[in-house]
Participant: 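Let me begin by handing over the structure; questions about it come next.
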Amino acid sequence: MSLRQDLRLWWSPARIADEGDTPDYRFSLANERTFLAWLRTALALIAGGFAVDQFLPGLPDGWRIALALGLLASGVLCALRAVHHWVRCERAMRRGEDLPVSRFPAVLSLLVAVVALTMVVVVVFGWAG
């Protein structure tokens with residue numbers, strides 16, 4: 001299925017029921033818990049972005065804005081990826097297929113690690129004021 005069709009399922013998840021067989025409800029609920037965990041992660045990243053922007057006024061503007069935007073963008077991507085992954089997994093379970101794999105967790109981890117390492121450098125060298 002194309003990305004365009006996947007995006008339609010975001011807004012009408014009942015259409016997923018047209019595909020395959022209903023999976024064991026425990027698996028659907030586990031998929032939903034995973035979705036909610038991704039949303040919590042997205043909210044934490046967004047909160048971190050706002051925290052960097054609001055609570056590090058002594059940090060040079062370029063650094064502060066770059067770090068804040070990196071965290072905010074990660075949060076947005078994480079939230080969007082959560083719903084996309086939920087739809088793909090639900091469809092795969094209904095079809096009896098293997099669950100989809102994703103590189104997104106690795107990409108997100110690397111991005112957060114880069115932001116964290118940058119923050120360590122800022123703290124160690126006292127660039128925050």
Participant: About how many Å separate CZ of F35 and CZ of R40, when rounded to the nearest 0.5 Å?
Facilitator: 11.0 Å

Participant: Using the rule that Ile, Leu, Val, Met, Phe, Trp and Tyr join whenever any side-chain heavy atoms are under 4.5 Å apart, tell me whether L39 and I46 fall into a single cluster.
Facilitator: no

Participant: Are W86 and L36 in one and the same hydrophobic cluster, where Ile, Leu, Val, Met, Phe, Trp and Tyr link if side-chain heavy atoms are under 4.5 Å apart?
Facilitator: yes

Participant: Is there a chain of hydrophobic side chains (I, L, V, M, F, W, Y, each step under 4.5 Å between heavy atoms) that links L45 to L111?
Facilitator: no

Participant: Would S102 and R88 satisfy side chain to side chain donor-acceptor pair (under 3.5 Å), going step by step from the backbone distance to the final call?
Facilitator: CA-CA 11 Å; S102 175; R88 290 177 60 213; 5.3 Å; no

Participant: Apply side-chain contact (heavy atoms from CB on, under 4.5 Å) to the pair W63 and T118, showing each step before the final yes or no.
Facilitator: CA-CA 9 Å; W63 283 103; T118 304; 3.2 Å; yes

Participant: Check W38 against C78 and note the closest heavy-atom contact, atom names and distance.
Facilitator: CE3-SG, 3.2 Å

Participant: Per the side chain to side chain contact (heavy atoms under 4.5 Å, CB included) rule, which among S28, P100, P23 passes with C89?
Facilitator: P100

Participant: In Å, rounded to the nearest 0.5 Å, how long is the span from OG of S109 to CZ of R103?
Facilitator: 14.5 Å

Participant: Report yes or no: do V76 and V83 belong to one cluster of Ile/Leu/Val/Met/Phe/Trp/Tyr joined by side chain heavy-atom distances under 4.5 Å?
Facilitator: yes

Participant: Which heavy atom in L108 sits nearest to a heavy atom in S74, and how many Å separate them?
Facilitator: CD1-CB, 3.9 Å

Participant: So for atom CG, which belongs to D98, do other residues, nucleotides or ligands contribute more than 12 heavy atoms lying within a distance under 6.0 Å?
Facilitator: no

Participant: Roughly how far, to the nearest 0.5 Å, is CG of L56 from CG of L67?
Facilitator: 8.5 Å

Participant: Please name the pair of heavy atoms, one in D53 and one in A68, separated by the smallest distance, quoted to 0.1 Å.
Facilitator: CB-CB, 4.0 Å

Participant: Strictly below 4.0 Å, N to O, side chains only: are R94 and E19 in salt-bridge contact?
Facilitator: no

Participant: Can you measure from CG (N31) to CG (L99) and round to the nearest 0.5 angstrom?
Facilitator: 7.5 Å

Participant: Group every Ile, Leu, Val, Met, Phe, Trp and Tyr by side-chain heavy-atom contacts under 4.5 Å, then state whether M93 and L29 land in the same group.
Facilitator: no

Participant: Does D21 CG have over 12 foreign heavy atoms under 6.0 Å away?
Facilitator: no

Participant: Testing H84, R91, E90 one by one against V87 for a side chain to side chain contact (heavy atoms under 4.5 Å, CB included), which residue passes?
Facilitator: R91

Participant: Just how far is it from atom CG of L72 to atom CG of L77, taken to the nearest 0.5 Å?
Facilitator: 11.0 Å

